[in-house]
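Worksheet: the structure to be examined is printed underneath.
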Amino acid sequence: MTGHADLRPEAFPDPADLLPYGHPALHVDRILAHRPGALTAVKAVSGHELGGHAGSARPARLPSTLVLESFLQACGLLVALDAGDGAPGRLLVFGSARNLRFEGAVRAGELLVHEVERGDTDGDTTVFSGVSRTGDGQLVLTVERAITLSRPADSLAAASSAD
């Protein structure tokens, strides 16, 4: 995503104010750019959160599952910003993905930058695509198609209380 005139961090809301969970489940630190249908967000990866490799010369890597989770949270931020009202009371639930390619790794001390684009939307179902790179541009993840479902937050609470 290029050509955004205002990249000041304060130009965009804090991701914790838009997504319904916080630390340690929140895996996006800042929104860098937004236009309808596209968003760039970043996560700073710390050795502390990875647990590191005690006594090892090999630096810790963010597991691929958390790279994907962070990417999907960026998709949720895009939905919230495009809705204009932060989509209050809604949760974005991951449905499926096609042609995920993990092509690199992100290590402690690096940034993970997500560029996500919204594709088709049909009711509560939305399709996303995009890439994730390290802060210096190394490709980490390519997502051809991720499908999500938007659900009322209280529907999940009701389902878990019925168990």
Side-chain angles (χ1 to χ4, degrees), residues 1-50 61-97 100-121 124-153 156:
M1 221 171 96
T2 60
H4 195 281
D6 191 354
L7 294 180
R8 294 173 297 155
E10 65 272 11
F12 303 103
D14 185 327
D17 293 336
L18 297 175
L19 296 176
Y21 35 76
H23 179 76
L26 185 62
H27 294 285
V28 176
D29 296 316
R30 190 173 53 183
I31 299 167
L32 299 178
H34 170 253
R35 63 176 167 74
L39 178 128
T40 302
V42 66
K43 173 183 181 30
V45 179
S46 75
H48 175 72
E49 73 183 319
L50 298 182
R61 297 178 180 189
L62 190 65
S64 57
T65 53
L66 292 181
V67 171
L68 181 58
E69 173 66 25
S70 185
F71 176 90
L72 292 168
Q73 287 183 14
C75 295
L77 292 168
L78 175 56
V79 167
L81 288 176
D82 281 358
D85 60 1
R90 305 289 295 180
L91 292 176
L92 198 65
V93 179
F94 173 61
S96 67
L100 293 177
R101 290 183 302 281
F102 291 95
E103 304 183 44
V106 61
R107 293 172 176 79
E110 293 184 314
L111 296 177
L112 180 61
V113 181
H114 306 291
E115 296 177 3
V116 299
E117 293 188 7
R118 188 185 70 240
D120 296 331
T121 298
D124 288 341
T125 303
T126 304
V127 176
F128 296 93
S129 63
V131 297
S132 300
R133 302 177 189 278
T134 60
D136 63 2
Q138 177 190 346
L139 191 59
V140 175
L141 170 67
T142 301
V143 178
E144 182 180 300
R145 183 178 176 93
I147 300 173
T148 62
L149 182 63
S150 177
R151 283 288 188 234
L156 295 178

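Note that CZ of Phe102 and CG of Leu141 are 5.0 Å apart. Values are rounded to the nearest 0.5 Å. Within the model, atoms CD1 of Ile147 and OG1 of Thr125 stand 8.0 Å from one another, a figure rounded to the nearest 0.5 Å. A distance of 10.0 Å separates CG of Leu39 from CD of Glu115, quoted to the nearest 0.5 Å. The line from OG of Ser132 to CG of Leu111 is 12.5 Å long, rounded to the nearest 0.5 Å. Here the NE2 atom belonging to His34 is positioned 4.5 Å from the CG atom belonging to Leu81, to the nearest 0.5 angstrom.
Scanning both residues, Ala41 and Ala74, for their nearest heavy atoms gives CB-CB, 4.2 Å. When all heavy atoms of His114 and Phe71 are compared, the closest pair comes out as CE1-N, 3.5 Å. The shortest non-hydrogen separation linking Leu78 to Glu117 is CD2-C, 4.2 Å. Across all non-hydrogen atoms, the minimal contact from Leu92 to Leu72 is CD2-O, 4.3 Å. Nearest heavy-atom pair, Ala80 versus Leu18, reported as atom, atom and distance to 0.1 Å: CB-CB, 4.3 Å. Across all non-hydrogen atoms, the minimal contact from Phe12 to Ile31 is CD1-O, 3.4 Å.
By the 4.5 Å heavy-atom criterion applied to side chains, Val79 and Ser150 are not counted as neighbours. Side-chain contact between Val28 and Lys43: absent, with no pair of heavy atoms (C-beta onward) separated by less than 4.5 Å. Val143 places none of its side-chain heavy atoms less than 4.5 Å from the side chain of Phe128. Taking 4.5 Å as the limit, every side-chain heavy atom of Glu144 sits out of range of all side-chain heavy atoms of Thr142. Taking 4.5 Å as the limit, every side-chain heavy atom of Val45 sits out of range of all side-chain heavy atoms of Arg107.
A side-chain donor-acceptor contact under 3.5 Å links Ser70 to the backbone of His27. One N or O on the side chain of Gln73 and one on the backbone of Ala25 form a donor-acceptor pair closer than 3.5 Å.
Within the structure, salt bridge (charged side-chain N to carboxylate O under 4.0 Å, His left out) pairs that include any residue of residues 12-21 do not occur (at least two apart or interchain).
Glu103 is linked by a salt bridge (Lys or Arg N to Asp or Glu O under 4.0 Å) to Arg101, counting only residues two or more places apart in sequence or in another chain.
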